[in-house]
Amino acid sequence: MIRILILGSAAGGGLPQWNCACVNCVAARSGKIDPQTQSSIAISGDSEEFQNSWLINASPDLPRQLESTARLQPRRNASRNTPVAGVLSTNADIDHALGLLLLRQQEKPLLVYAADETRAALAWLDRTLARFCGIEWRKISSDFQRLTGSIAFRAIELPQSVAFQFRDEASGRLALVAPAVSDLTRDLSKASAGNDVILFDGTFWNDDELAAVRPGARSAREMNHLPIRGGSLDFLRRSPARRKIYTHINNTNPILMPGSPERAELEQAGIEVARDGLEILL
Ligand SMILES: [Zn+2]
Ligand SMILES: [Zn+2]
């Protein structure tokens with residue numbers, strides 16, 4: 001069995017974002033919709049205790065996310081310990097990497113699986129952490145390698161990031177976790193076949209969404225996020241996966257508002273919207 005737990009479902013900035021007064025951020029501040037923390041996912045095997053959990057990306061909200069999840073808190077049988085085994089990085093974005101810095105109190109070096117490009121872009125963080133626990137970098141591969149228990153994983157290289165696919169060696173079940181997708185490449189399309197669950201980049205609904213709140217802002221595609229409309233929606237609609245879930249959702253995205261036409265379109269397409277604390281078992 002594979003347990004996937006959404007620790008944070010928001011894109012960089014979170015919901016609400018400290019300097020944003022868009023419709024969704026205002027609604028989150030007034031309690032009309034639930035706040036969401038920045039993108040991170042915990043994955044573990046079948047042990048009920050969540051021992052050896054791996055994180056996919058480490059957001060600036062990580063200490064709070066771990067503290068609010070009982071299974072990810074330290075055990076009481078030793079003064080310093082953690083069930084967090086390490087981190088799988090999709091890319092070097094601040095909202096995916098800053099959490100590594102916040103794990104600096106770790107006793108042993110932090111284990112981080114990442115592409116060479118991500119490692120190079122995070123050299124500053126590597127240098128800073130060298131004075132604390134340090135990082136032990138591990139290579140990713142397009143072939144499956146063992147992660148923990150019966151879970152194997154592999155990386156699917158994308159133009160500016162990677163997606164990860166997990167396989168339960170006992171059941172053969174597959175999960176695709178792709179929170180940062182700039183393009184539907186051939187490899188990604190191929191990898192998306194046969195998954196039970198797909199977690200996909202839901203940062204923006206429209207390509208020009210951010211310009212509405214910040215004139216002159218870069219487009220979704222320029223920020224390496226394929227928008228939902230005209231981008232990933234048809235792809236996910238056609239996918240036979242049992243569960244299809246958008247995550248890494250920017251606070252400007254209209255799918256966050258229950259009752260919006262955009263949310264209704266997803267519901268009709270059988271696609272879910274992630275939220276903090278959502279757990280998926282496969
Ligand atoms: Zn991000
Ligand atoms: Zn906002």
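Read the numbers this way: they start at 1 and go in the same order the structure lists the ligands and their atoms. Values reported hereafter were calculated over all heavy atoms of this structure, with side chains retained and with hydrogens, waters and symmetry mates removed.
Between W54 and Y113, the angle of the ring planes lies from 30° to 60°, which puts this pair in the tilted group. Ring pair F153/F166 is parallel by interplanar angle, where below 30° counts as parallel and above 60° as perpendicular.
If you count the protein N, O or S atoms nearer to the Zn ion (ligand 2) than 2.8 Å, you get 4.
A donor-acceptor contact under 3.5 angstrom links the side chains of T203 and D201, judged on distance only.
Using a 4.0 Å cut-off between charged nitrogen and carboxylate oxygen, D196 and R173 count as a salt-bridge pair.
The shortest non-hydrogen separation linking L174 to F144 is CD2-CZ, 3.9 Å.
Angle NE2(H96) to the Zn ion (ligand 1) to NE2(H248), rounded to 10°: 90°.
Atoms CG and OG1, on L88 and T90 in that order, are 9.5 Å from each other to the nearest 0.5 Å.
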Open item on the list: For a side-chain hydrogen bond (donor to acceptor under 3.5 Å, both in side chains) check, start with the C-alpha distance between N57 and S40, then their side-chain angles and the critical distance, and finish with the verdict.
Closed with: CA-CA 5 Å; N57 290 331; S40 184; over 6 Å; no

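Residue contacts to the Zn ion (ligand 1): D95 brings an N, O or S atom closer than 2.8 Å.
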